[in-house]
Structures are given as C-alpha cells and as structure tokens.
Amino acid sequence: MLTSVTPTPSRVLNYSLANRIMSAEDAAALIQHGDQIGMSGFTGSGYPKAVPMALARRIADANLRGNKFQVSIFTGASTGPELDGALAMAGGIHLRLPYQSDPETRKRINAGEMEYMDIHLSHVAQFVEYGFLGKLDLALIEVTAVLEDGRLVPSSSLGNNKTWIEQAERVIIEVNSWQPLALEGMHDIYYGLQPPPHRQPIPLTYANQRIGTPYLEVPPEKVVAVVLTDSPDRNSPFKAPDQGSRRIAGHILEFFAWEVQKGRMPATLLPLQSGVGNIANAVLFGLEEGPFEGLTSYTEVIQDGMIRLLNSGKLVGASATAFSLSPEMLNEVNRDMANYHKQIVLRPQEISNHPEIIRRLGVIAMNGIIEADIYGNVNSTHVMGSRIQNGIGGSGDFARNGYLSIFMAPSTAQRGTISTIVPMVSHVDHTEHDVSVIVTEQGLADLRGLSPKQRAALIIEKCAAPEYKPLLLDYLNRAERLSYGRHTPHLLGEALGWHSRYLRSGQMKPQPDN
Ligand code: COA
C-alpha cells in the first residue's frame, strides 16, 4: 500500500534536509500548471510514488473546478501506475518523454490527447542540457537515503536523475524506505561528461568498471521538499518462455557458436545488451542453458534472466541503469543485494547507453520488434504505422553502435492475422543500415554483407511464417520485374497494402472479397 508517512527521518541523516520533510500533498502543492518536471524512474523501478499521486488528485480537483492543470513529464523510461497511470488518468500530462509502457498513457497518446516525444534514451540528458526542451522547473527524484553530508543514495534505477537534479530549478526528494539500504555502493555516477567542444573520452573500458561515485550530489538550497514513502516498485512477472521464444533463443545461441568458431568473437562472447520484453528475457534463459561462460553485459536493465546468469556463474559482470525484475526475483535480489555489488553497476542512462562506450566494447544488441521488412528495416514502436506501443527506448543507441545488432520477434502477431515480416515497414525506427540479424522462431537471417535483394530473399526464406512466405515471394518477384528502380525493388502502390488490408479486414492475408 502506498504511504506517505509521518516524519521518522531515520533515512534522512542530513539535518537541513530533514527539516524540509513534508507530506506528499504539501510537496505537490509546490507544482504549478505548465511546469516541466524531470522525474526518476526506469522500467518500473525507482520512480517517485507519493507526490505524483498527490499531484494527480490536485489536477483532478482543478479540472472539476474548470481550471486547466497540466504538466510535462520527463523520466528515464517507463514508470508505474502511481506516476504515468495516475497522471494520465487525471488528464494531467501535456507532454511525455522519452519512453512509456503504461496502458492508460498509451491510450491517451493514441487518442491524440497527449503529446509524446519518443527519443533515444542516450539523448535525453543532453537535450535538456542543451536547452532543446526549454526550462526544467522541477526534479522529483526517489532515493534510498540521504547521507549526513546531504549526498543521496539512489534507489533501484538511475536514469536521468543526475541531469534532472543539475538542470532543475527546484528539487523534491522522495525517500523510500522500501528500497533496501544495501543499494548503497551499487551505483556509479560519472560527473566528468562536459558538453562539446569540451567533451573528453569517457574512461570506461570494461562492462562493470567503476569510473564515478556511488552518490548523487544535490545543492541543498535547491531542495524544496523531502517526502517519506514506503512503497514497492512496479514489478511485472515475466511470462515463462514459450516454445516460440525458446526457438528464437536457440537460433541466437547457434549463431553465437558459429561466430565464435569463425573467430569473430571470443568464447566469452562480447558484452550483451538485452532489450525489454518476454522474448529478450527468454534469450537470457537460453544462455543459462548454453555453453558460454565468462559472459559480461553492458545493457540498460537487469532482468530476471541476467540475475539467473549471474547466479549460475555464467555472467561475471553487468552494467545497466535500472533493475526490472519479477516480484519473486526482486525478493531474492533485495535479500542479497550487498553480494551483487561486485558484479552489478548501475549508471546514469547517458552512460549506460552511450554510443562511444557501446562501440568501444563491441556490444551485442538484442531487441524485440513490432515488424521488419524484407530489406531489413525495423519498426520497434508503431502498430499499423500510427499507433504507438511503447517507444524506441535504448534500442537505437545499441543497434546503431553495437558490434552486432540483432532484432527478434515471433513471425506472426495477434493469432497469426499479422505477419511481422512485411513488404515495407509501416514506421521506421532502425534502418537497414543498422540491422545485422533478424530472427524469428522460423530461423535467423544474417544480413551482414548482403545487398538489398539478397537480404530480401534471405529474410523471407529464414524468418517469414510458412503461410506468409509465398505472398512475400510473390511480392518480391513482381517488384523485381516492375519496380521503378531495381536496387531495392518495391511496388509503391502495394508496399503498405498488407497493413491497409489488416485495417480493413482484420487479416494481412488477402481474403476472397478484397
Ligand atoms: N502488429 C501488431 N501488433 C503487434 C505486432 C505487429 N507486427 N507485433 C507485436 N504486436 C503486439 C503483440 O501482439 C502484443 O500485443 P498484446 O499486448 O495485445 O498481446 C504487443 O505488441 C507486445 O508484443 P510481444 O510479442 O508480447 O512482445 P514483447 O513483449 O517482446 O515486446 C516490443 C515487443 C517491440 C513491444 C518491445 O520489445 C519494445 O517495446 N521494443 C522497443 C523498445 C526497446 O527495444 N527497448 C529495448 C532497449 S534496451
């Protein structure tokens, strides 16, 4: 149960900040219509829980009185029902960025009632620092504790917290006693990143190296409120890997073995990045059963599969910006948090997703998709070209800069009515130039070194579902004969026809009457 407790400031050791403890309602009263607020939170962890709820109530009251009250919310990534859900439900969000996965928020965005900017997670901090998004009025940050000298022990995610605190005019801190104190020491916050032209190389050369400090620094004069909470993160259970996900994982493991045999990767592989969702988690489960040892991970989120790999000894070190664990795994990790300090490092997302480091380490990026086209362009975000699902998240940061960029999906969606391999994607997040491998439960297409027509033949052969294969081949054959240009053959009048047909008939496959 969410609680905003009365002052028992055992976790607020700084005298002057302890004096600013107040209720969530009083803190929310400091927020004004039109404010732009940088909030903590990444994949359902470390987001503020009490003040957003109090703000949502305030907004609902204002709306009842006929007064417009909306704020813009910037975070690390997705949060939880007490933040995105409550504020969207109250109609309180004007602009949201950079990533969300909340059903209510998604509904409002797709109804055109809310602005949403879907941007690369590594870009967010610098967008704010460069002033592209205007003034940041407030930072609202969940932490685990406040030290005597006023430094903050971060909670289960770091996201953009450092930037929000630096850039905002005022700061509200939520101190959540549900977060284990043993989180202290797990974070690594790098304060050396300067804006161009003063930017220097980031001195990070292996995945779980520490280059910063475990604490967030906050100028005490900026802190206008401290709110005490005792509330769990949103933790969603993962689906047990189904047969399709296991087959996808199997294809990827076989591919890794081939790459090692070819001498293109060491037997310990290269640092792994694993995206959000059930398939990504299933691949990690697959690695647990696979032959590879001494693995490392340079990624965004620590999921159940990562912890299992760590526990099995197969993974020796992991870097991320947040935890994203099922409730059962979270209990296990929280009990044992101190023992993970050597293996896990949590960093600001501008570092966990930094192109320079991803390229230097040679990260293997593995991310889920909505659809891919026969030439290898990938849509990670939009259903039928216009309806946002979640957002690009960090997939672009890793895909563009990694050593290998793998995208994966079941070959069909929505009980087979949709092929995830289509003639032309209805929205592009990752172009053919950033995609090395596409894999479905049907097979794996290694696109490296292939021309567009060669890629098309291989993607159809390896990845398409049997019932869609002849249709895709028919499209490609006709396009090769009739296309305006023969380099990337397309029939423009037909290329998005599969999507239009689905919107008309609920089926991508042609029906007798259309
Ligand atoms: N057309 C229509 N709907 C589709 C679809 C398609 N081509 N492909 C997937 N979907 C739907 C599924 O049917 C499912 O819908 P449901 O919730 O109604 O059942 C939903 O999208 C999620 O798909 P699922 O197969 O469960 O995949 P997932 O949990 O692996 O998530 C993404 C897939 C693409 C949504 C997810 O990976 C994502 O948000 N990616 C972008 C961000 C990212 O890559 N972040 C990682 C960086 S670290």
Side-chain angles (χ1 to χ4, degrees), residues 42-43 76-78 98-103 106-107 110 118-122 157 159 236-239 241-242 244-245 248-249 272-284 297-303 305-306 319-322 324 349 352-353 358 363-373 378-402 405-422 424-427 429-430 434-435 439-441 463-465 468 496 498-499 501-503 506-508:
F42 201 108
T43 49
S78 55
Y99 182 86
Q100 57 73 44
S101 63
D102 179 81
R106 185 184 294 137
K107 195 171 95 190
N110 285 320
D118 180 23
I119 52 182
H120 295 303
L121 296 188
S122 72
S157 70
S236 326
F238 285 102
K239 284 187 220 153
D242 59 14
S245 312
I248 290 175
L272 302 164
Q273 176 261 333
S274 164
V276 292
N278 293 307
I279 295 178
N281 204 44
V283 172
L284 297 177
S297 169
Y298 197 79
T299 189
E300 228 176 67
V301 289
I302 304 282
Q303 295 155 294
M306 284 284 173
S319 162
T321 191
S324 180
Q349 73 193 60
S352 67
N353 288 35
I358 293 166
V363 170
I364 300 172
M366 298 180 282
N367 291 295
I369 61 174
I370 297 285
E371 61 183 6
D373 70 26
V378 162
N379 168 10
S380 295
T381 54
H382 284 69
V383 172
M384 301 299 142
S386 58
R387 196 176 281 184
I388 191 93
Q389 180 69 14
N390 299 327
I392 192 167
S395 57
D397 297 323
F398 287 95
R400 179 75 186 86
N401 302 295
S405 167
I406 301 173
F407 284 102
M408 53 212 180
S411 63
T412 61
Q414 301 291 341
R415 298 167 311 283
T417 55
I418 291 172
S419 172
T420 56
I421 306 297
V422 289
M424 182 184 266
V425 281
S426 58
H427 175 93
D429 292 292
H430 312 288
D434 297 334
V435 179
V439 52
T440 68
E441 80 290 352
C463 301
Y468 288 100
L496 294 172
W498 290 32
H499 300 84
R501 194 183 299 127
Y502 175 81
L503 292 177
Q507 276 279 355
M508 273 194 173

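Whatever order the structure lists ligands and atoms in, that order sets their numbers, starting from 1. Predicted model only: the values in this text are computed from it and were never measured. For reference, positions follow the sequence shown, starting with 1.
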Inset, instruction - Take every heavy atom of Tyr99, measure it against each atom of ligand 1, and state whether any distance is under 4.0 Å. - result: yes
Inset, instruction - Could you list which atoms of ligand 1 come closer than 4.0 Å to a heavy atom of Ile369? - result: 34 (C)
Inset, instruction - Please check atom 24 (P) of ligand 1 for a protein heavy-atom neighbour under 4.0 Å. - result: no
Legend entry - atom 4 (C) of ligand 1: the protein heavy-atom neighbour that sits closest, reported with distance to 0.1 Å: Ala413 CB, 3.9 Å
Inset, instruction - Could you verify whether a donor N or O on one side chain and an acceptor N or O on the other, from Ser297 and Gln273, lie under 3.5 Å apart? - result: no
Inset, instruction - Look only at the side chain of Asn379 and the backbone of Gly385, and say whether a donor-acceptor pair between them is shorter than 3.5 Å. - result: no
Legend entry - Main-chain N/O of Ser274 paired with Thr299 side-chain donor or acceptor, under 3.5 Å: yes
Legend entry - Pair Ser426-His382, side-chain donor/acceptor within less than 3.5 Å: no
Inset, instruction - Indicate yes or no for a side-chain donor-acceptor contact from Asp373 to the backbone of Val425 under 3.5 Å, with no hydrogens or angles considered. - result: yes
Inset, instruction - Using atom types as modelled and distance alone, determine if a side-chain donor or acceptor of Tyr468 lies under 3.5 Å from a backbone N or O of Gly416. - result: yes
Inset, instruction - Give the contacting part of Ser395 toward ligand 1: side chain, backbone, both or neither, where contact means a heavy-atom distance below 4.0 Å. - result: both
Legend entry - Residue part near ligand 1, for Asn367, under 4.0 Å between non-hydrogen atoms: side chain
Legend entry - Side chain Glu300, main chain Ala322, donor-acceptor under 3.5 Å: no
Legend entry - Proximal ligand 1 atoms for Ile418, defined as those under 4.0 Å from one of its heavy atoms: 1 (N), 2 (C), 6 (C), 7 (N)
Inset, instruction - Return yes if some donor-acceptor pair links the side-chain N/O of Asp397 with the main-chain N/O of Ser122 below 3.5 Å, else return no. - result: yes
Inset, instruction - Measure from the side-chain N and O atoms of Ser157 to the backbone N and O of Gly159, and report whether any donor-acceptor pair falls under 3.5 Å. - result: no
Inset, instruction - Ignoring hydrogens and angles, state whether a donor on the side chain of Asp434 or Ser405 is under 3.5 Å from an acceptor on the partner side chain. - result: no
Legend entry - Distance filter under 4.0 Å to Gln273 heavy atoms, resulting ligand 1 atoms: 47 (C), 48 (S)
Inset, instruction - Tell me which protein heavy atom sits closest to atom 8 (N) of ligand 1, plus the residue, atom name and distance to 0.1 Å. - result: Ile370 O, 3.4 Å
Legend entry - Heavy-atom nearest neighbour in the protein, as seen from atom 45 (N) of ligand 1, with distance rounded to 0.1 Å: Val276 CG2, 3.7 Å
Inset, instruction - Measure from atom 21 (O) of ligand 1 to every heavy atom in Glu371, His120, Arg387, Gln389 and give the option owning the shortest one. - result: Gln389
Inset, instruction - Provide the number and element of each atom of ligand 1 under 4.0 Å from a heavy atom of Glu300. - result: 47 (C), 48 (S)
Legend entry - Nearest option to atom 41 (C) of ligand 1, as decided by whichever heavy atom of Gly394, Ala77, Gly391 sits closest: Gly391
Inset, instruction - Using a 4.0 Å heavy-atom threshold (strictly under), name the region of Ile392 that reaches ligand 1: side chain, backbone, both or neither. - result: backbone
Inset, instruction - Please indicate whether any nitrogen or oxygen in Gln414 is less than 3.5 Å from any nitrogen or oxygen in ligand 1. - result: yes
Inset, instruction - Check for a donor-acceptor pair, side chain of Arg501 on one end and backbone N or O of Met508 on the other, with a separation under 3.5 Å. - result: yes
Legend entry - Atoms of ligand 1, numbered as shown, that sit under 4.0 Å from any heavy atom of Val383: 2 (C), 3 (N)
Legend entry - Check: Ile369 main-chain N/O paired with Ser380 side-chain donor or acceptor under 3.5 Å: no
Inset, instruction - Could you tell me whether atom 31 (O) of ligand 1 has at least one protein heavy atom nearer than 4.0 Å? - result: no
Inset, instruction - Could you list which atoms of ligand 1 come closer than 4.0 Å to a heavy atom of Gly275? - result: 46 (C), 48 (S)
Inset, instruction - Output yes when a protein non-hydrogen atom is found under 4.0 Å of atom 27 (O) of ligand 1, and no otherwise. - result: no
Inset, instruction - Considering only protein heavy atoms, determine whether one is less than 4.0 Å from atom 15 (O) of ligand 1. - result: yes
Inset, instruction - For Asn390, counting its heavy atoms only, list the atoms of ligand 1 lying under 4.0 Å from any of them. - result: 35 (C), 38 (C), 39 (O)
Inset, instruction - Would you check if the side chain of Asn281 reaches a backbone N or O of Gly305 as a donor-acceptor pair within less than 3.5 Å? - result: yes
